[in-house]
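Each remark here refers to the structure printed beneath this line.
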Amino acid sequence: MTLTTKQQSLRTRALDLSRQHRKVEARLIDVIAQVDRERLFLRLGRASLFDYVVRELGLSEPVAYALITVSRKAAKIEPLRTAIACGQLTVAKASRVVASLTSENAQELLAFATAHTTREIDRE
């Protein structure tokens, strides 16, 4: 496959932004965990962390739900936090497994999630 210079530049930009997106997701999960621990959302007049993430951060409800559930589970299960921080696992995939994730099954479940698509994870 031969790409023009313009196409290669566009491909490179897309790849760079994709990598940045994963890094930002990981940092956002850490910050949301801190906001949750500090109960900062209450001091800002928000009734819940969910309300804070939707109204203050301007994220959609499904994205807010995924970030919060993954953030809370990652605070308890270090391998989950590490997999997201390293870019091995996206929040989208992590949100599919957090309900079943425990300290006992973390290694196995996270290995499965990193090796399969979200559709495959949902089927399983």
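Atom set for the values below is all heavy atoms of this structure, side chains included, hydrogens, waters and symmetry mates excluded.
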Between [atom1] on residue [X] and [atom2] on residue [Y], distance to nearest 0.5 Å:
X      : Y      : atom1 : atom2 : value
Leu49  : Leu40  : CG    : CG    : 9.5 Å
Lys23  : Cys86  : NZ    : SG    : 11.5 Å
Leu101 : Leu109 : CG    : CG    : 5.5 Å
Ile77  : Arg81  : CD1   : CZ    : 13.0 Å
Glu108 : Thr102 : CD    : OG1   : 9.5 Å
Arg96  : Asp122 : CZ    : CG    : 4.5 Å

Minimum heavy-atom separation for [X] and [Y], please, with both atom names.
X      : Y      : value
Ser95  : Ala92  : OG-O, 2.8 Å
Val53  : Ala64  : CG1-CB, 3.5 Å
Ala113 : Val97  : CB-CG1, 4.2 Å
Ser100 : Asn105 : O-ND2, 2.9 Å
Ala94  : Ile84  : CB-CD1, 4.0 Å
Tyr52  : Val35  : CE2-CG1, 3.8 Å

Using side-chain heavy atoms (C-beta onward) and a distance below 4.5 Å, is [X] in contact with [Y]?
X     : Y     : value
Val31 : Arg27 : no
Glu56 : Phe41 : no
Glu78 : Thr82 : yes
Leu59 : Leu28 : yes

| message | Tell me if a side-chain donor or acceptor on Thr114 pairs with a main-chain N or O of Leu110 at a distance below 3.5 Å. | response | yes

| message | For the backbone of Leu80 and the side chain of Lys73, can you confirm whether one donor and one acceptor N or O come within less than 3.5 Å of each other? | response |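 No; judged by distance alone, with no hydrogens or angles, the pair does not exist.
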
| Is the count of non-hydrogen atoms from other residues, nucleotides or ligands lying under 6.0 Å from Arg46 atom CZ greater than 12? | yes

| query | So does Glu124 have more than 12 non-hydrogen atoms from other groups sitting under 6.0 Å from CD? | reply |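 Count not over threshold, so no.
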
| query | So, are Asp16 and Arg13 salt-bridged, with charged N and O less than 4.0 Å apart? | reply |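 Not counted as a salt bridge, because no side-chain N and carboxylate O are separated by less than 4.0 Å.
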
| Non-neighbouring partners of His116 that pass ring pair (Phe, Tyr, Trp, His ring centres under 6.0 Å), sequence neighbours left out | Phe112

| task | Apply salt bridge (charged side-chain N to carboxylate O under 4.0 Å, His left out) to Arg22 and Glu25, showing your working. | result | CA-CA 5 Å; Arg22 283 186 176 207; Glu25 266 189 339; 6.0 Å; no

| Distance-only donor-acceptor check, side chains Gln8 and Thr4, under 3.5 Å | no

| task | Could you go through the side chain to side chain donor-acceptor pair (under 3.5 Å) check for Ser48 and Asp51 one step at a time? | result | CA-CA 5 Å; Ser48 66; Asp51 185 45; 5.3 Å; no

